[in-house]
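Computed from heavy atoms alone, side chains included, the values below leave out hydrogens, waters and symmetry copies. Proteins get letters first, then strands, A, B, ... in listed order; numbering begins at 1 in each. Fair warning: this is a prediction, and the values are worked out from it, not measured in the lab.
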2 protein chains.
Amino acid sequence: MTAPLERKRHASVETLERGRLRRVQIIEAATELFANAGYRGTGLAGIAAQVGVTQAGLLHHFGSKEKLLEAVVRHRSDQDHALTEEIMGDGGLAVFDRLHLLAEHNAKRPGLSQLFTVLVAENLLPEHPANAFFVERYRTLRAAVARALEAGRARGEIRADADLDAASRRLVAALDGLQTQWLLDPDEVDLVEGYRELAQAMRHELSATG
Amino acid sequence: MTAPLERKRHASVETLERGRLRRVQIIEAATELFANAGYRGTGLAGIAAQVGVTQAGLLHHFGSKEKLLEAVVRHRSDQDHALTEEIMGDGGLAVFDRLHLLAEHNAKRPGLSQLFTVLVAENLLPEHPANAFFVERYRTLRAAVARALEAGRARGEIRADADLDAASRRLVAALDGLQTQWLLDPDEVDLVEGYRELAQAMRHELSATG
DNA sequence: GTCTATATAGGGATAGAC
DNA sequence: GTCTATCCCTATATAGAC
C-alpha cells in the first residue's frame, strides 16, 4: 500500500513536468471538443488523437472521462476567476462600465463561452456529473455581483430601495442569454453591443441619481 | 414509384389513427428523455421501451433519430406558438403584465423548459442537426417582441427614444437566463418571481411616463 | 508513461418474417 | 405495423507488455 506511493516520489523532475504538460494538453483538447459536441457527444479517442496519444494513454492521466471533465471545468474556472475579480473591482455602478471586458474576452474566444453554455445544459439535473459544480458556480457568481452592488449602495451610488439580489439574478441571466443568442446567430446578435446596452439599462435602473 | 403511394391510400381509417397515436406517444416519450439526457445522451431503445415497442418499430414511424428530433421540436413549437401569441396580444406595455402566463406555464412543466435549454445548447453550431430551427426560432421570437413593443410606441405608451430591437434581445435573453438558473437551482431561484421582477424593470425602463 | 489488445457494452440502422 | 435478428460502428475501461 505504501510502497507504490513512495516510489512515485523518486520520479525525476523532468518526468513530472512532462506529465503536467501532457495533462494540460489533454485538458485543452478536451475543452475544444466538449465545447463543440458536448461531454456526451465527445469520445476519448478523439481527444487522445488531437494530443497524439492513444485513448489508453489518456486514461492513464485522468482515470476516467468524468475525472477529465472535472479537470476541464476546474481549469477554466480558475482562469475566469481573475477576470470576474477585475470586473467587480470595488463594486458600485463602475461594475457596469467594466462589463465590456467580459464581452471582449468572450468574443475573442467563442469556444470558451460555448463550453460553458453546453456544459450547463448537460448538467441541469442533480444526477449529471458536473451539476454540483455549476449550482455552486452560479450561487457564488450571484453573491459576488450582489456584494459588489451593495458596496455601491453603501457609498450612495445605488438607490436605497433597489432589490439587489433580484438585480444580480437578472444581470447574470441577461449575460448568459445574450451569449447564447450570439453563439447561435453571430450575424444577427452582437455580443459586445448587447453587453453595452445591458450595462446602460442596469446603470439607469439602479442609479441613485436618476 | 406511384404504385406504393397509391396503395397507402387504401389503409383503413382505424389504422391511420392508430398510427398517428403511436407517433404522438413516441414524440412525448422522446420529449421527456431528450429533456433529461439530451439528444446525444438518449438512445432510441429507451424511447421505444417507454412506449412499449421495439427500436425497429420506432424507426418504422420516423425513419431516423434525426427525423424524430425534428418531429419533437416541431410538436413543441406548435404548442408554444399559441401562448406566445396570447402574451403578445396587441402589444405595448401590457406584454409585461402577461409574462406571468409564461412563468406559470414553464413552472408547471419544467421538463419542457429543460428540453429547449438542452436542445439549444446541443445545436449552437451550423453542423448540428437542429441548428437552423433554433436560429430561425430566435429570430422570429425577437421580431415578434420588437413588433409588439413598436405597437405600444405607436400608441404613445413607450418612450420614443427607446431601442426596441435591443430591448427585445435583452428581454428574451433574461427570460432564458432566469429559466436556466431556475432549472439548475430551483431552491435558490424562483422563476415566477424572477419573471415578475424582470417585467417590472422593463416596464419602468420603457414607459413613456416614467 | 505509453503502447497494443481486448472485454464489455451500447449505439443507429437495415432485412426480412409475420 | 410490429417483430426478431443482425450488421457494423463506436464507446469506456482494463490488462499486461515494453
**Q** Side-chain polar contacts of residues 43-60 of chain A - donor-acceptor pairs under 3.5 angstrom, sequence neighbours left out - could you list them?
**A**
{"residue": "Gln50(A)", "atom": "NE2", "partner": "Glu32(A)", "partner atom": "OE1", "Å": "3.1"}
{"residue": "Thr54(A)", "atom": "OG1", "partner": "Gly57(A)", "partner atom": "N", "Å": "3.2"}

**Q** Kindly indicate whether a cation-pi arrangement holds for Arg169(B) with Tyr138(B), taking the cut-offs as under 6.0 Å to the six-membered ring centre and within 45° of the axis.
**A**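 Arg169(B) over Tyr138(B) ring: no.
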**Q** Side-chain atoms of residues 194-203 of chain B: list all donor-acceptor pairs with protein atoms under 3.5 Å, sequence neighbours left out, distances to 0.1 Å.
**A**
{"residue": "Tyr195(B)", "atom": "OH", "partner": "Leu175(B)", "partner atom": "O", "Å": "3.3"}
{"residue": "Arg203(B)", "atom": "NE", "partner": "Asp97(B)", "partner atom": "OD1", "Å": "3.2"}
{"residue": "Arg203(B)", "atom": "NH2", "partner": "Asp97(B)", "partner atom": "OD1", "Å": "3.0"}

**Q** In Å, rounded to the nearest 0.5 Å, how long is the span from CZ of Arg98(A) to CD1 of Ile87(A)?
**A**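 If we round to the nearest 0.5 Å, Arg98(A):CZ and Ile87(A):CD1 are 8.5 Å apart.
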**Q** Each nucleotide in nucleotides 3-18 of chain C should get exactly one letter: B, S or -. Can you fill that in based on protein heavy atoms under 4.0 Å?
**A** BB------SBBB----
**Q** Establish, for the pair Arg137(B) and Phe116(B), whether the NZ or CZ atom is under 6.0 angstrom from the six-membered ring centre and no further than 45 degrees off its axis.
**A**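 Because its charged atom sits under 6.0 Å from the ring centre and within 45° of the axis, Arg137(B) does stack over Phe116(B).
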